[in-house]
Structures are given as structure tokens and as C-alpha cells.
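Beneath this line is the structure, given in C-alpha cells, with notes to follow.
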Amino acid sequence: MKLHHQIFLAMVLGGLAGAATSESTRLLGLPLLPAYDLIGELFINALKMVVVPLITTAIISGMINVGEDDNLGRLGAKTVVFYLATSLIAILVGLVVVNLIVPGVIDGEPAKDLLGLAKETDQALQSIEGRGAADFTEILRQLLPPNLFQAAAETQMLGLIVFSLFFGYFLRTLRGAPGEHLRQTVEGIYQVVLRITMVIIRFAPLGVFGLIAATVTRTGLDAVEPLALFFITVLLALALHMFVVMPLLIRFLAKRSPWRHLQAMTPALLTAFSSASSAATLPLSMECVEKRSGVSNRTASFVLPLGATVNMDGTALYECVAAIFIAQAYGLDLSLTTQFVIVLTALLTSIGVASIPAASLVAITVILGVIGLPAEAIGLILVTDRLLDMCRTAVNVWGDSVGAVLLARSEGEEDVLRRPMRELDADPL
Ligand code: ASP
């Protein structure tokens with residue numbers, strides 16, 4: 001069975017297992033929920049373990065292999081423009097859908113009292129407190145970390161990307177034996193880390209089973225009911241962005257088949273969905289984009305790590321829909337200016353949001369503050385957060401991968417989505 005079929009099956013089985021389990025269920029005396037958690041966590045930890053060595057060596061090796069007159073500055077500028085533009089499009093899609101459906105008003109009344117705040121609101125606020133979404137100056141600061149190891153330890157990828165770009169650039173120009181040796185060493189490390197990554201990816205079905213089973217056990221689908229309209233609004237907007245807007249870009253700008261790219265990315269998308277973390281999914285996205293979509297290592301190793309850090313279409317869209325929903329539910333007057341402020345804040349905060357589960361909540365409280373609503377209002381949407389987090393994370397990863405395809409095509413790469421798709425679980429040894 002192909003890997004993505006295995007992962008899909010694991011998701012279904014995980015869902016069924018989760019539905020049949022409650023938080024206290026035991027099997028042969030062993031509690032099941034901690035067992036699901038352990039399986040999921042081991043998989044995520046393994047992926048995170050390779051993120052730092054993988055992105056640094058991938059970027060350096062990409063830099064070593066670029067041609068003499070290759071203009072990387074141009075690729076960088078195009079990447080930033082693409083990411084900003086698609087995040088903005090995503091937010092606007094969300095804005096239109098939430099204004100059409102108006103999920104925050106039920107039978108003509110603002111829905112606040114009907115819905116009530118979730119029990120865990122205080123707890124959630126405490127965990128958010130002091131975290132603040134990175135603002136623009138903070139992002140600039142992260143570009144030059146004073147301590148590289150600390151940046152690596154905190155998986156602050158921006159600093160690592162910048163350092164690796166410098167390192168690769170100067171390593172490429174280093175003449176003589178030391179340069180040659182070091183280039184071969186870095187290439188060697190990269191190849192080894194890739195093989196480790198492939199072994200981890202083989203365990204994706206198991207990891208995904210654990211992640212989904214644990215989520216379904218904890219959340220259950222009943223939680224969604226009172227918020228069904230909000231839930232549907234978010235899903236609809238995410239689906240429009242993922243299945244209509246982005247495919248149109250692939251079709252008309254990259255002149256390739258969006259369907260083919262979707263197939264190529266399935267393993268990464270399913271993992272993003274199950275883990276709700278685009279940072280942890282990065283090793284898989286890189287493998288899928290290079291091996292299955294045929295994007296060069298030079299483009300993928302630059303565009304994807306940057307994308308996983310700063311480009312979050314799903315998150316940006318979600319922030320906008322959630323903030324407007326809450327405002328509707330509180331009966332706030334949503335003038336054009338307020339909506340514009342929400343769009344702008346969503347765009348800026350989506351860049352600073354960390355690529356980990358539930359990270360958007362921080363950004364949403366920031367937006368609520370800007371439009372004059374109390375932070376507790378976040379309690380309205382806590383129940384559905386995990387399920388929607390899974391969906392928006394898949395859209396985040398999809399957005400980055402579409403970026404890689406488009407940018408590769410704009411750099412004249414002909415192989416993209418043309419070469420036969422390779423399986424990720426091919427024997428690495
Ligand atoms: N979980 C999302 C991600 O990792 C971020 C968020 O929207 O909370 O991409």
C-alpha cells in the first residue's frame with residue numbers, strides 16, 4: 001500500500017479508536033489516552049529532531065549548488081511578495097465568507113449569550129498571557145539572533161535561515177582544499193539527515209493514528225454543535241482558498257496540474273492536519289515538494305522553511321473569520337474601518353504566529369484588543385479550536401508548497417510536476 005493511503009487509513013482508524021475511547025478507558029488495565037499521546041508525541045518529536053539539521057544543511061547545500069550568476073536576491077524578493085499576496089487573498093476570502101454567512105448573529109440577535117464562554121477560558125488566557133504575537137520589529141530581531149544555538153533550541157527558523165544562507169554563500173566561494181572538504185562534508189551530512197527523515201516518515205501512519213485518536217478522544221465531535229455555523233464558515237472559506245484560489249494560481253501562473261500537486265503533497269497535508277504544527281511537518285513538506293513535485297533543492301530549501309515560519313494562509317484567514325465572528329457575537333458595529341483594521345492586523349500577526357498548535361489564539365486576542373473587545377471573548381471559540389487548527393495548518397502547509405511550485409516555475413524550472421512521482425518510503429539504505 002502506498003504511504004499516503006496508509007496515512008489515510010491510519011487517520012480513519014485513529015478516528016474510530018478515538019470515538020470508542022473516553023479519557024478514562026483502559027485496555028488490559030492500561031489507560032488508552034496516554035498511549036495515544038505517547039505514540040503521537042514520539043512521531044512529532046522525531047520530526048522536530050531533524051528540523052534544525054535538515055533545514056540548515058538543505059539551505060547550505062542548495063547555496064553550494066547554485067550557479068555563478070544565479071540571482072538569489074531576486075528569488076527572495078519574489079518569495080516575500082508571493083507570501084504576502086497569498087496571505088492577503090486568504091484573509092479576503094475569509095472576510096467575504098464571514099460577512100455573507102454572519103455566523104455570530106443567530107435569529108437576528110448577537111450570539112454571545114447563547115453560546116457562552118468555554119469553561120477553560122481563564123486557563124487559556126493564562127497560557128497566552130505574556131506570549132504576545134511577535135510584532136514586526138520582533139520579526140526583524142529574529143533575523144539576526146545573537147545566539148545561534150539558542151535560536152536553534154527554540155526552533156526560531158528565521159535566524160537559522162539567514163545564517164545558513166551566509167554560510168552557504170561563503171562556503172561556495174571558498175577556494176582550495178578546505179572549501180572542497182567542507183562542501184563535501186555538508187553534502188554528506190545533508191544526505192544522512194535525509195535518510196533519517198525518510199525512516200521517520202515511514203512511521204507517519206503510526207504517528208498519525210496516535211495524534212488523531214488522542215484528539216478525537218479529547219475533543220469529540222459533539223463540541224462542535226453549538227458552534228456549527230462558525231465551524232462551517234471557517235471550513236468553507238479554507239476550502240475555497242485551498243481548492244479554488246490556489247489551484248487557479250497553479251493552473252494559470254505555473255501552467256501545471258493542481259491535481260497532480262495535490263496528490264504529490266498528500267503525505268505532508270495529512271501530517272499537517274493530524275499534528276496541527278507546520279514546523280513539525282516541514283521535513284515531510286520538503287521531501288514531498290522535492291521528490292514528488294519535482295521542485296529543485298535550491299528553491300525548496302529556501303522557500304519552504306521561510307514559508308513554514310512566516311507564511312500562514314490558513315491561520316491568517318482563520319484569524320480574520322474568528323475576530324469578525326466574535327465581533328458579530330458581541331454585537332459590535334463592524335464598520336468598514338474596523339474590518340480594514342482586522343484585515344491588516346490579521347496579515348501582520350499571521351507572519352509572527354509560531355508554527356505550533358493553537359498559536360493563532362494569541363494573535364486573535366491581539367486583534368480583539370485592537371478592535372476594543374475583551375480578551376475573554378476568545379472563550380467563544382475555544383471548543384472548536386483544535387479541529388479548526390488541524391484544518392488551517394493543512395492550508396498553511398499547502399500555501400507554502402504552492403509557493404514553492406510557483407517560484408520554481410518563475411525561475412524557469414521545467415521539471416516541476418512533470419517528472420514521475422517518487423514514493424517517500426522507498427528504501428533509504
Ligand atoms: N497550528 C498552526 C500551524 O502550525 C498555527 C495556528 O494557526 O495556530 O501552522
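Ligands are counted one by one from 1 in listed order, and the atoms in each one are counted from 1 as well.
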| said: Is it true that Asp389 and Ser360 share a donor-acceptor pair across their side chains at a distance under 3.5 Å? | reply: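 There is no such pair (donor and acceptor under 3.5 Å, judged by atom type) between the side chains of Ser360 and Asp389.
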| field | Donor + acceptor pair across side chains of Ser278, Thr281 (<3.5 Å) | value |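 Side-chain D/A pair, Ser278 to Thr281: absent.
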| said: Show the nearest heavy-atom pair for residues Ala204 and Ile7, with the distance to one decimal. | reply: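 Here Ala204 and Ile7 meet closest at CB-CD1, 3.9 Å.
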| query | Looking only at heavy atoms, which two atoms of Met11 and Ile212 are closest? And how far apart? | reply |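 Nearest pair, atom of Met11 first, then Ile212: O-CG2, 3.7 Å.
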| Within 6.0 Å of CG in Leu336, more than 12 heavy atoms from elsewhere |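 Check fails, neighbour count at 12 or below.
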| request: For Arg409, enumerate each residue passing the salt bridge (charged side-chain N to carboxylate O under 4.0 Å, His left out) test, keeping only those at least two apart in sequence or located in another chain. | output: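 Salt bridge (charged side-chain N to carboxylate O under 4.0 Å, His left out) list for Arg409, sorted by chain: Glu414.
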With the criterion set at N/O pairs under 3.5 Å, what does the list of contacts between the protein and ligand 1 look like, atom names and distances included?
residue, atom, partner, partner atom, Å
ligand 1, 1 (N), Ala276, O, 2.9
ligand 1, 1 (N), Ile356, O, 3.0
ligand 1, 1 (N), Asp389, OD1, 2.8
ligand 1, 1 (N), Thr393, OG1, 3.2
ligand 1, 4 (O), Ser278, N, 2.9
ligand 1, 4 (O), Ser278, OG, 3.1
ligand 1, 4 (O), Ser355, O, 3.3
ligand 1, 4 (O), Ile356, N, 3.4
ligand 1, 7 (O), Thr315, OG1, 2.6
ligand 1, 7 (O), Ser360, OG, 2.4
ligand 1, 7 (O), Arg392, NE, 2.7
ligand 1, 8 (O), Ala359, N, 2.9
ligand 1, 8 (O), Ser360, N, 2.9
ligand 1, 8 (O), Ser360, OG, 3.2
ligand 1, 8 (O), Arg392, NH2, 3.1
ligand 1, 9 (O), Ser278, OG, 2.5
ligand 1, 9 (O), Asn396, ND2, 2.8

